[in-house]
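Treat the numbers as computed from the prediction; the structure is a model and nothing was measured. Heads up: numbering here begins at 1 and tracks the sequence.
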Amino acid sequence: MREIRKTRIEGAAAKAWLAVFALATALVMGLSPAAAWADDARAAQAPLNATDTVTLTVIGGAASASPAGPDDYQVWVNKEYAAADILTAAKKQDAAETLATLDAADLLAAAQEAGDIAAYDAPENTGFGGRYLQAITSKSGVELAQWNAPDFSASLYWSLYDNGAYAETGMSFTPLKANGAYQFCWNAYDAAGVPSSWAAFYQDHEPAGPASTELDPSVTLTVTGGETTDWNTGVTSYDVWTNHRMTLSSVLEAVRKTNPDAQLESLTLADLLAAAKQHGYLKDYEIEESTYGPYLTAITSAQDKRLAGLNSPNFDLSLYWSLYVDGSYAQTGLGGIRLEAGHAYQIGWDAYTTALAPTSWSAFYQAKPPAKVPAAKPDGGQGGQGTATKPDSSQSTAAKPGWSQAANGTWSYVDANGTLVKDAWKRIGGEWYLFDGRGVMVTGWKKIGGTWYYLNTAADAKAGYGPTGAAAVGWQSVKGTWYYFRTAKEGVEGSMVAAQWLQKSGTWYHLGKSGAMDTGWLKLGSTWYYLDRSGAMATGWQRLGGEWYYLDPVSGAMQTGWYRVGGTWYYSYGSGAMAHDCWIGAYYLNGSGAWTRSR
């Protein structure tokens, strides 16, 4: 590799190398968003544990010499790998490998083992830079191999990035760290093959979770048929017709009996009702079509009690079924409510004149926890999950209840009755923990259905975010990026907030579709907002980049055109920058931007 580098620098491509060197220097010195992301990411890293995950991203070049955004890159791999799986793949090449010796080359070996790439060529080299990547073949059979033109006027090669920062060395000198992200990019001197902002890239390309920790996700259906109040005690109780948690695979299986083309991603609340009927939790239900889609008119309980919507002749009384998602009134019909794992869906018998549904679903579920429907059987029964995996002897059934650590460093938990907790959430010591199908405690990011959760790693525990494995709640920084996870009072505890505004302590924040907290300028629809470095939405006058802007004091929306502040008129251009020291039509704006005189 020393010979290759020497030839490149001395060849006609020396000028191009200066550009590459400048880019690398900018990344290392923190002169780009990618560098800032990389610095924060490395600061949060720690040595690998078997349950930790790392991200591998392989980009096979850009679609154009000047990519307009993250979607212009050909993404071959974008996935999280469990450290235990990486070690297994590495040991097939070198039996002496340990978690402490895993490097970027071993990550490629794990990708090949998982079938995410077909092959890679990385010859050993004991010189400067260590092991050097020559070629990668995608799982679809496309091979990209390093190449130099005879006169060195052009070069194509694979570049390695460590948490978004250009790696100045080879794969064998790039050790893997907990929560790290490593990128291999097909590059050229005359074209941009690397995203300018890895933070933006990962916002649009969420890495897939490791296959070894996949669970059968579930949702909750609760139907209450009205309320009864004991006026002597003032206590109100609800007629609970069904209150069950069902796996999405069992819902899909039930729906496919009448709709063979149904898909997991398209399941709706109407499908959840159909599954409840097949399971015998409800006897029947009735749906009518309208211009607004299907709506629920009647339900018959398993005990044969039927409630159907009605209006009195003069409309002074109406009774109907109301729909709720995580306790919040749904503004749409059955067909418009898509099922997302980890969420709860409620149907309550209601009236215009009084509220017959629980005012606090959180309190309701504390008093009446949903009954759990068994997860899909590993032998291919309910939901069809493939072949059962025999757990390690250290993880089958422990003699003593409580936490136990296996020889490979993974943690498991045994209930008081001696049963190993598997394929389930478990609340222990006030914290929620997640265990996979083998009974191993999960850490890092976990996507269940369409909802993301984050389970603390050892590094997070060291940083003070809570015990290793505990589900994140509230604000938490992950790889230097801030996310917000719901508390029990806000919905499904630990579920990540995404693609919406969030108000905390009187301050508004915005979480992007990846869940990452937005900062800087943000455009939603046709409206611009500005979030400061803390993520707080700015309001009022703001001096940004040498220009004055006015942001609505309530909504935060950037103002353009004419607007009035405190009795004074101002004008902002389409960019939002305030006009000053100039005429706008027949009106003159002084140095402070105020309209002072007219023609």
Quick one: does any side-chain atom of K447 pair with a main-chain N or O of T451 as donor and acceptor, under 3.5 Å? no
Donor-acceptor contact present, side-chain Q183 to main-chain G164, <3.5 Å: yes
Sequence-distant partners of A119, side chain to side chain contact (heavy atoms under 4.5 Å, CB included), two or more places apart: Q112, T137
For E493, check salt bridge (charged side-chain N to carboxylate O under 4.0 Å, His left out) against everything at least two apart and list the hits. R427
Given 3.5 Å as the limit, does a donor-acceptor pair link the side chain of N148 with the main chain of L156, or not? no
Matching residue for Y161 among F201, Y166, F184, Y182 - test: ring-ring contact (aromatic ring centres under 6.0 Å, His included): Y166
Taking the side chain as every heavy atom from C-beta outward, state whether V219 and L248 have any atom pair closer than 4.5 Å. yes
When you measure from the side chain of R338 to the backbone N and O of T268, does any donor-acceptor pair fall under 3.5 Å? no
Measure the spacing between OG1 of T53 and CD1 of I86 and express it to the nearest 0.5 Å. 8.5 Å
Any side-chain heavy-atom pair from L524 and Y529 closer than 4.5 angstrom? yes
Hey, what do you get for CG (D518) to OH (Y530), rounding to the nearest 0.5 Å? 12.5 Å
Please list, chain by chain and in numerical order, all residues satisfying side chain to side chain contact (heavy atoms under 4.5 Å, CB included) with V497, sequence neighbours excluded. Y484, R486, Q500, L511
Counterpart residues, ring pair (Phe, Tyr, Trp, His ring centres under 6.0 Å), relative to Y413 (two or more places apart): W403
side-chain hydrogen bond (donor to acceptor under 3.5 Å, both in side chains) partners for D121, two or more places apart: none
So which heavy atom on V255 is nearest to which on A262, and how close? CG1-CB, 3.7 Å
Results of side-chain hydrogen bond (donor to acceptor under 3.5 Å, both in side chains) for D106 - residues two or more places apart only: none
Among all residues two or more places apart in sequence or in another chain, which pass the salt bridge (charged side-chain N to carboxylate O under 4.0 Å, His left out) test with K504? E490
In terms of heavy-atom contacts, A114 and K79 come closest through CB-NZ, 4.1 Å
Note, R533 side chain near T519 side chain (heavy atom, < 4.5 Å): no
Please report the C-alpha distance between V478 and W445 in whole Å, then the side-chain angles of each, then the deciding distance to 0.1 Å, and finally whether the side chain to side chain contact (heavy atoms under 4.5 Å, CB included) criterion is met. CA-CA 10 Å; V478 181; W445 285 106; 3.6 Å; yes
Taken to the nearest 0.5 Å, the spacing of S534 OG from M517 CE works out to 6.5 Å
For residues D460 and Y454, is any side-chain donor paired with an opposing acceptor at under 3.5 Å? yes
Under the ring-ring contact (aromatic ring centres under 6.0 Å, His included) test against Y509, which residue among W475, W482, W501 passes? W475
Step by step, would you call F485 with S495 a side chain to side chain contact (heavy atoms under 4.5 Å, CB included)? CA-CA 5 Å; F485 303 89; S495 59; over 6 Å; no
Are any non-hydrogen side-chain atoms of T410 and M441 less than 4.5 angstrom apart? no
Tell me, please, which residues at least two apart from A105 pass side chain to side chain contact (heavy atoms under 4.5 Å, CB included). D103, R131, M171
Quick check, are the ring centers of Y73 and W186 under 6.0 angstrom apart? no
A side-chain contact here means heavy atoms from C-beta on lying under 4.5 Å apart; do V77 and T57 qualify? no
Mind running side chain to side chain contact (heavy atoms under 4.5 Å, CB included) on L339 and V251 for me, showing each step along the way? CA-CA 10 Å; L339 300 186; V251 176; 4.3 Å; yes
List in chain and number order the residues that pass side-chain hydrogen bond (donor to acceptor under 3.5 Å, both in side chains) with S477, two or more places apart in sequence or in another chain; answer none if no residue qualifies. none
Over all heavy atoms of both residues, which pair between A167 and T174 is shortest? Give the atoms and the distance, please. CB-OG1, 4.4 Å
Within this structure, what is the OG-CG distance for the pair S412 and D436, rounded to the nearest 0.5 Å? 8.0 Å
Residues two or more places apart in sequence or in another chain: which of them pass ring pair (Phe, Tyr, Trp, His ring centres under 6.0 Å) with Y120? none
If you round to the nearest 0.5 Å, how far is CE of M246 from OG1 of T220? 8.5 Å
Nearest heavy-atom pair of L133 and A135: which atoms, and what distance? CD1-O, 3.5 Å
Atom pair OG (S514) and CE (M496), whose distance is rounded to the nearest 0.5 Å: 6.5 Å
Tightest non-hydrogen contact, residues A89 and E113, listed as CB-CB, 4.1 Å
Given side chain to side chain contact (heavy atoms under 4.5 Å, CB included), test Y483 with Q476 step by step and report yes or no. CA-CA 6 Å; Y483 300 84; Q476 181 149 335; 5.8 Å; no
Using side-chain heavy atoms (C-beta onward) and a distance below 4.5 Å, is T443 in contact with Y433? no
Go through the side-chain N and O atoms of D116 and Y81 and say whether any donor and acceptor fall under 3.5 Å apart. yes
Nearest heavy-atom contact between A111 and L56 is CB-CD2, 3.5 Å
What residues, two or more places apart in sequence or in another chain, satisfy side chain to side chain contact (heavy atoms under 4.5 Å, CB included) together with S266? Q263
Does a side-chain heavy-atom distance below 4.5 Å link I136 with L144? no
Set of salt bridge (charged side-chain N to carboxylate O under 4.0 Å, His left out) partners for K426, sequence neighbours left out: D415
Any side-chain heavy-atom pair of I448 and W425 under 4.5 Å: yes
Among D162, L87, L107, L99, side chain to side chain contact (heavy atoms under 4.5 Å, CB included) partner for L176: L107
